[in-house]
Visitor: 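This is the structure I have questions about; it appears just below.
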Amino acid sequence: MNEKPEVSAKEFGALEADVRHIKESVDKHTTTLERIENIAQANVTQAQLKTYIAEHEKESEEKYVKRTEIEGVMNFWSLVTSNLAKLFAIALVGLAIYATNNLIQQNKAVTELQEEVQQTVRRK
């Protein structure tokens with residue numbers, strides 16, 4: 001009754017390959033689990049984070065400006081600069097109109113003076 005079943009060399013090779021494959025899979029899983037454990041140890045829990053925030057909240061209020069305050073200042077600044085840009089554009093257009101008008105008036109005055117000079121030269 002204690003007969004040992006005989007395993008052929010082919011079956012033994014297949015079994016050995018299966019065992020090697022299983023061992024490699026276990027090793028890969030072990031390595032992956034070790035990496036996950038290392039990452040998990042490096043992370044902080046939600047409770048630790050809340051404790052840290054509570055401990056440093058007063059310090060952060062004293063040292064740093066709140067985001068809402070910065071956004072308010074930025075909105076105000078964009079409004080001011082937007083209006084300043086509009087005002088600057090209007091001033092440039094007004095200056096161009098004024099300069100054009102002065103140029104026309106000067107040309108008109110020069111033309112009138114030339115006509116007067118020509119008339120006085122003809123009379124002489």
Side-chain angles (χ1 to χ4, degrees):
M1 286 210 187
N2 283 349
E3 291 182 28
K4 294 183 181 177
E6 291 200 19
V7 179
S8 69
K10 187 177 182 181
E11 290 174 332
F12 181 77
L15 289 173
E16 187 178 27
D18 286 344
V19 168
R20 232 182 272 134
H21 175 70
I22 291 170
K23 184 179 181 306
E24 288 173 2
S25 295
V26 168
D27 289 345
K28 286 180 185 176
H29 288 294
T30 302
T31 304
T32 303
L33 287 173
E34 286 172 354
R35 279 199 267 156
I36 290 172
E37 186 178 348
N38 289 339
I39 291 170
Q41 287 176 353
N43 291 335
V44 295
T45 64
Q46 193 73 16
Q48 289 172 326
L49 179 63
K50 286 181 181 178
T51 304
Y52 177 83
I53 290 173
E55 289 172 357
H56 294 85
E57 189 171 6
K58 186 174 182 178
E59 178 184 348
S60 65
E61 284 178 4
E62 292 172 359
K63 288 185 177 180
Y64 306 109
V65 180
K66 290 184 180 177
R67 182 184 183 100
T68 54
E69 292 175 8
I70 292 174
E71 287 175 350
V73 170
M74 292 302 293
N75 289 339
F76 175 74
W77 183 250
S78 66
L79 177 68
V80 168
T81 55
S82 168
N83 287 334
L84 283 176
K86 290 175 190 174
L87 185 62
F88 183 70
I90 291 170
L92 280 178
V93 170
L95 181 63
I97 292 171
Y98 177 75
T100 304
N101 185 35
N102 280 346
L103 185 62
I104 291 171
Q105 295 299 326
Q106 288 175 356
N107 285 340
K108 195 179 210 180
V110 168
T111 306
E112 289 174 359
L113 284 174
Q114 285 177 345
E115 288 176 2
E116 286 179 21
V117 168
Q118 287 176 355
Q119 287 176 0
T120 54
V121 169
R122 287 184 193 158
R123 289 185 190 160
K124 289 186 180 182

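Here the structure is a predicted model, which means the values were calculated and not measured.
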Visitor: When you check the gap from the basic side-chain N to the acidic O, do Glu24 and Arg20 get nearer than 4.0 Å?
Guide: no
Visitor: Could you measure the distance from the CG atom of Leu92 to the CG atom of Leu87? Nearest 0.5 Å is fine.
Guide: 10.0 Å
Visitor: Please give me the minimum heavy-atom distance between Glu11 and Glu6, naming the atom from each residue.
Guide: OE1-O, 4.4 Å
Visitor: Could you state the interatomic distance from CG (Leu33) to CG (Asn38), rounded to the nearest 0.5 Å?
Guide: 11.0 Å
Visitor: Is the shortest heavy-atom distance from the side chain of Asn83 to the side chain of Lys86 under 4.5 Å?
Guide: yes
Visitor: Between OG1 of Thr100 and CG of Leu95, what distance do you get to the nearest 0.5 Å?
Guide: 9.0 Å
Visitor: Asn107 and Thr111: which non-hydrogen atoms are nearest, and at how many Å?
Guide: O-OG1, 2.7 Å
Visitor: Could you tell me whether a side-chain N or O of Gln48 sits under 3.5 Å from a main-chain N or O of Thr45, the two making a donor and an acceptor?
Guide: yes
Visitor: Hey, any chance Phe76 and Leu84 share a hydrophobic cluster, counting ILVMFWY side chains that come within less than 4.5 Å of each other, even indirectly?
Guide: yes
Visitor: State the OG1-NZ distance between Thr30 and Lys28, to the nearest 0.5 angstrom.
Guide: 12.0 Å
Visitor: Roughly how far, to the nearest 0.5 Å, is OG1 of Thr51 from CD of Gln46?
Guide: 10.5 Å
